[in-house]
There are 2 protein chains.
Amino acid sequence: MISETQKVEILSRSFIFSALTGEELTGLARMAIERRFTAEQFIFIEEDAPDWFYIIADGKVKAVKHTSLGKEIIIAFFGNGEMFGEVAVFENKPYPASAQAVSETRLLGIRREDFLSFLVKQPLVALGIINVLAGRLREAQSRLRDLAGERVEQRLARMLLMLSAKLGAELPFTRQELSDMAGTTTETTIRILSQWKSRKIIGSVRGRITILDETKLRLLAEGRPRV
Amino acid sequence: MISETQKVEILSRSFIFSALTGEELTGLARMAIERRFTAEQFIFIEEDAPDWFYIIADGKVKAVKHTSLGKEIIIAFFGNGEMFGEVAVFENKPYPASAQAVSETRLLGIRREDFLSFLVKQPLVALGIINVLAGRLREAQSRLRDLAGERVEQRLARMLLMLSAKLGAELPFTRQELSDMAGTTTETTIRILSQWKSRKIIGSVRGRITILDETKLRLLAEGRPRV
DNA sequence: CGCCTATTTGAAAACCGTCAAAGTATGTGG
DNA sequence: CCACATACTTTGACGGTTTTCAAATAGGCG
């Protein structure tokens, strides 16, 4: 169990609540409950009822969908201070994807109705949410373009660049995860990354990839032949 | 030139403004100007400055992006009463895609700053926008999964089902447009649609596709072999 | 040390894109 | 009303990219 003060502290680190006063944050904190998950544990499953809106206090969560043959596709990763589950909550429809903890994770959960009634009184928070949703749509559209029209090598290069823009040059992902994000297979990802590794474009150790030569990666992302 | 009353009438047909009073609509109408476009004409181009937010009064608009080799990818279609350009406007970053009129189109355009200052005073409109953005994210995520993991035949089936859920069984698209949405080529689309046509799953005449057997299409979308 | 997961490599085949050419509607102007 | 231009549709053959299947290696943790 954590204190109200700690909840306020966690909420205040989230972009969408940055405009709130201490008092408003306290009001929000009173609606929030803490939930803990271990690595691999599911927070909700696609098609579940949209009862909870979440903010990550500490940890990492992935949103996944599955193809008709059961292949996992990673839709997004979320880290500290980020919200998720919002699409379902705002539409009042089942969650469009499953949410799974990637590592030990602490969340603050707020009930759908509580959060919506809070939201109508907080136009600035609504604007912040609009901003975040717009950003996610922009990213989704970019990925749609890549998946619909680019080769695997370019998709992987773009994926690494997108991730490193958000997380830095050290990327804590396995080849499997990268494949599930780029819409390809582990084997293909390995073949391409091995090549890049021998050309000193990236470095890697088990479950961790480092971008060494961003310039060359950018050329690969643009599909210039024989970089 | 159209009258204020007509603008109010057009705005009132839009979902996001359904909560507004006549007076509020009039205020919004005063900020809006009418713009007309002929088929094929570009309303804005990817990377343009995000100066305008648009509502479609009458017509049809597509959002397109291009791959590194120049192939066109259709991100979305918008029809009467729908907004577009919002991602750029809310993030205050360049438009993430180009917007092109598909047919003769009339728009209402509102300047970014005008619209944002209107928005902070209208929490219900903000909630409506959140709702629309959430819906678009849901759709984008579903397409991401399809593009990343499903075969072309299944992608086409799903695309047709998604479009028909929105527009009805009569779909005004060419095979080229369908290909650009499903991330494939005209030839492949034709080969698959021809097969479906001979199996009476769809019908088609130049630039128009009719869904005849939705049940079978659903099975194809799920990838059941030999339906 | 031994297990489990991540990574690697190879070979064969499937899927789909590419290229080339031709057929068929629709509309236009003479 | 016909002839032509244009865009959409169709078909076939070929080949490349990527998946699939199988098996082996390597690194980290209890």
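A note on names: the letters A, B, ... follow the listed sequences, proteins ahead of strands, and every chain is numbered from 1. Given the structure is predicted, the values throughout are model-derived calculations rather than measurements.
- In this pair, B:Y54 and B:F84 present their aromatic rings parallel. The plane angle is below 30°, not in the 30 to 60° band.
- For B:S194, the listed nucleotide lying nearest its side chain is D:dT10; candidates were D:dT10, C:dG17, D:dT19.
- In this model, the phosphate group of C:dA6 is not approached by any side-chain N or O of A:T174 to a distance below 4.0 Å at OP1 or OP2.
- Electrostatic pairing of B:E34 and B:K7 does not count as a salt bridge here, judged by no charged N lying under 4.0 Å from a carboxylate O.
- A straight line from CD1 of B:I192 to P of C:dG17 spans 9 Å, rounded to a whole angstrom.
- Not one side-chain nitrogen or oxygen of B:R155 sits closer than 4.0 Å to the OP1 or OP2 atom of C:dC15.
- Put simply, CG on A:D180 is 12 Å from P on C:dT7, counting in whole angstrom units.
- The phosphate of D:dT18 (OP1 or OP2) has no side-chain N or O of A:T188 nearer than 4.0 angstrom.
- Distance A:E153 CD to D:dT18 P: 8 Å, rounded to the nearest Å.
- Looking at which nucleotide of DNA chain C each of A:R151 and A:S204 is closest to, the 5′-most match is held by A:S204.
- Spacing between atom CZ of A:R191 and atom P of D:dG16 amounts to 18 Å, rounded to whole angstrom units.
- Between B:E187 atom CD and D:dC8 atom C1' there is a gap of 12 Å when expressed in whole angstrom units.
- Side-chain nitrogen and oxygen atoms of A:T184 include at least one within less than 4.0 Å of the OP1 or OP2 phosphate oxygen of D:dT19.
- Residue B:R206 places a side-chain atom within donor-acceptor reach of the base of D:dA7, judged by atom type and a 3.5 Å distance cut-off alone.
- One atom, CD1 of A:I190, and another, P of D:dT17, lie 20 Å apart when rounded to the nearest Å.
- Nucleotide C:dG23 holds its P atom 19 Å from the CZ atom of B:R175, rounded to whole Å.
- With salt bridges taken as basic N to acidic carboxylate O contacts below 4.0 Å, none links A:E139 and A:K166.
- Under a 4.0 Å N-O distance rule, the pair B:R218/B:E222 does not qualify as a salt bridge.
- Remark: P of D:dC8 and CD1 of B:I209 are 13 Å apart, rounded to the nearest angstrom.
- Taking the ring axis of B:W52 as reference, the NZ or CZ atom of B:R111 stays within 45° of it and closer than 6.0 Å to the ring centre.
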